[in-house]
Amino acid sequence: MKWFLILWAGPILLLGSWYGLSYNDMSFGVFMLTRQAHDLVFQVYSGVLGIPAEDIPPLVMRAIAVDSTVVFMIIGFRRRKTIAAWWRRRQEMRSDPILSRDESLSSAP
């Protein structure tokens, strides 16, 4: 499961860092982090996919959101017994025995 999460989060972090740095032109002397490279990459993807370059980032974000939802659903399914036990403990702690007495607290002298 650890490797599953690493292989899911690694590319997302790499893509997100590249996109943020290149979009803001923080190149640190590396061509791939320049705004020129950013625009070139999206022009190439635009030509390959046949859609405008400005439509690609929202599509990528939507794909990341769907993939993340699937990953968290898999994790939740694999740990469903632990999550159910945690939820039961949490609900038991909420029903405070002091407040559930028959006598009212407002009848104090």
Side-chain angles (χ1 to χ4, degrees):
M1 184 56 76
K2 177 176 69 171
W3 283 106
F4 180 67
L5 289 174
I6 289 171
L7 292 174
W8 162 75
I12 291 175
L13 290 173
L14 184 67
L15 178 67
S17 351
W18 171 80
Y19 183 81
L21 290 172
S22 66
Y23 184 80
N24 294 311
D25 202 16
M26 293 189 227
S27 65
F28 305 110
V30 179
F31 173 73
M32 232 8 239
L33 298 177
T34 62
R35 183 63 190 212
Q36 284 178 320
H38 178 91
D39 293 338
L40 180 65
V41 166
F42 283 105
Q43 283 175 355
V44 168
Y45 278 131
S46 174
V48 169
L49 297 173
I51 59 175
E54 55 272 357
D55 289 348
I56 296 173
L59 291 174
V60 172
M61 282 303 300
R62 204 173 307 153
I64 289 173
V66 169
D67 290 350
S68 300
T69 303
V70 170
V71 165
F72 288 124
M73 287 173 63
I74 290 170
I75 291 170
F77 182 75
R78 288 186 55 120
R79 298 183 183 209
R80 64 188 178 274
K81 291 179 184 175
T82 308
I83 293 170
W86 168 80
W87 184 256
R88 277 189 234 103
R89 282 194 313 272
R90 186 170 183 253
Q91 294 302 316
E92 288 171 3
M93 288 175 54
R94 279 185 154 202
S95 61
D96 194 36
I98 296 173
L99 296 177
S100 63
R101 284 194 264 166
D102 291 336
E103 59 190 51
S104 173
L105 294 177
S106 63
S107 65

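All values below come from the heavy atoms of this structure, side chains included, with hydrogens, waters and symmetry mates left out.
No more than 12 heavy atoms of other residues, nucleotides or ligands shown are found within 6.0 angstrom of CE on Met73. Around the CZ atom of Phe31, the shell of radius 6.0 Å holds more than 12 heavy atoms that belong to other residues, nucleotides or ligands.
The distance from the CZ atom of Arg89 to the CH2 atom of Trp86 is 9.0 Å, given to the nearest 0.5 Å. Ile56 CD1 to Phe42 CZ: the interatomic distance, rounded to the nearest 0.5 Å, is 6.5 Å. To the nearest 0.5 Å, the span separating CD1 on Ile83 from CZ on Arg78 amounts to 12.0 Å. The distance from atom CD of Glu92 to atom CH2 of Trp87, rounded to the nearest 0.5 Å, is 12.5 Å. Distance check: His38 NE2 to Gln43 CD gives 10.5 Å after rounding to the nearest 0.5 Å.
A salt bridge (charged side-chain N to carboxylate O under 4.0 Å, His left out) check over residues 41-70, counting only residues at least two apart or in different chains, returns nothing. Sorted by first then second residue, the ring-ring contact (aromatic ring centres under 6.0 Å, His included) pairs that include residues 47-75, not counting sequence neighbours, are Trp8-Phe72.
Looking at Ser46, its side chain does come within 3.5 Å of a backbone N or O of Ile51 through a donor-acceptor pair.
Hydrophobic clustering (side-chain heavy atoms under 4.5 Å, transitive across Ile, Leu, Val, Met, Phe, Trp, Tyr) groups Phe28 together with Leu15. When the side chains of ILVMFWY residues are joined at heavy-atom separations under 4.5 Å, either directly or via intervening members, Ile74 and Leu7 end up in two distinct hydrophobic clusters. Tyr23 and Val44 are not part of a single hydrophobic cluster, where members link through side-chain heavy atoms under 4.5 Å apart.
Val60 is not listed as a side-chain neighbour of Tyr19, based on a closest heavy-atom distance of 4.5 Å or more. In this structure the side chain of Met32 reaches within 4.5 angstrom of the side chain of Val41, judged on heavy atoms.
For Thr34 against Asp25, the heavy-atom pair with the smallest separation is CA-OD1, 3.4 Å. The two residues Ile6 and Pro11 make their nearest non-hydrogen contact at O-CD, 4.3 Å.
In this view, Asp39 and Arg35 satisfy the side chain to side chain donor-acceptor pair (under 3.5 Å) rule, not counting sequence neighbours.
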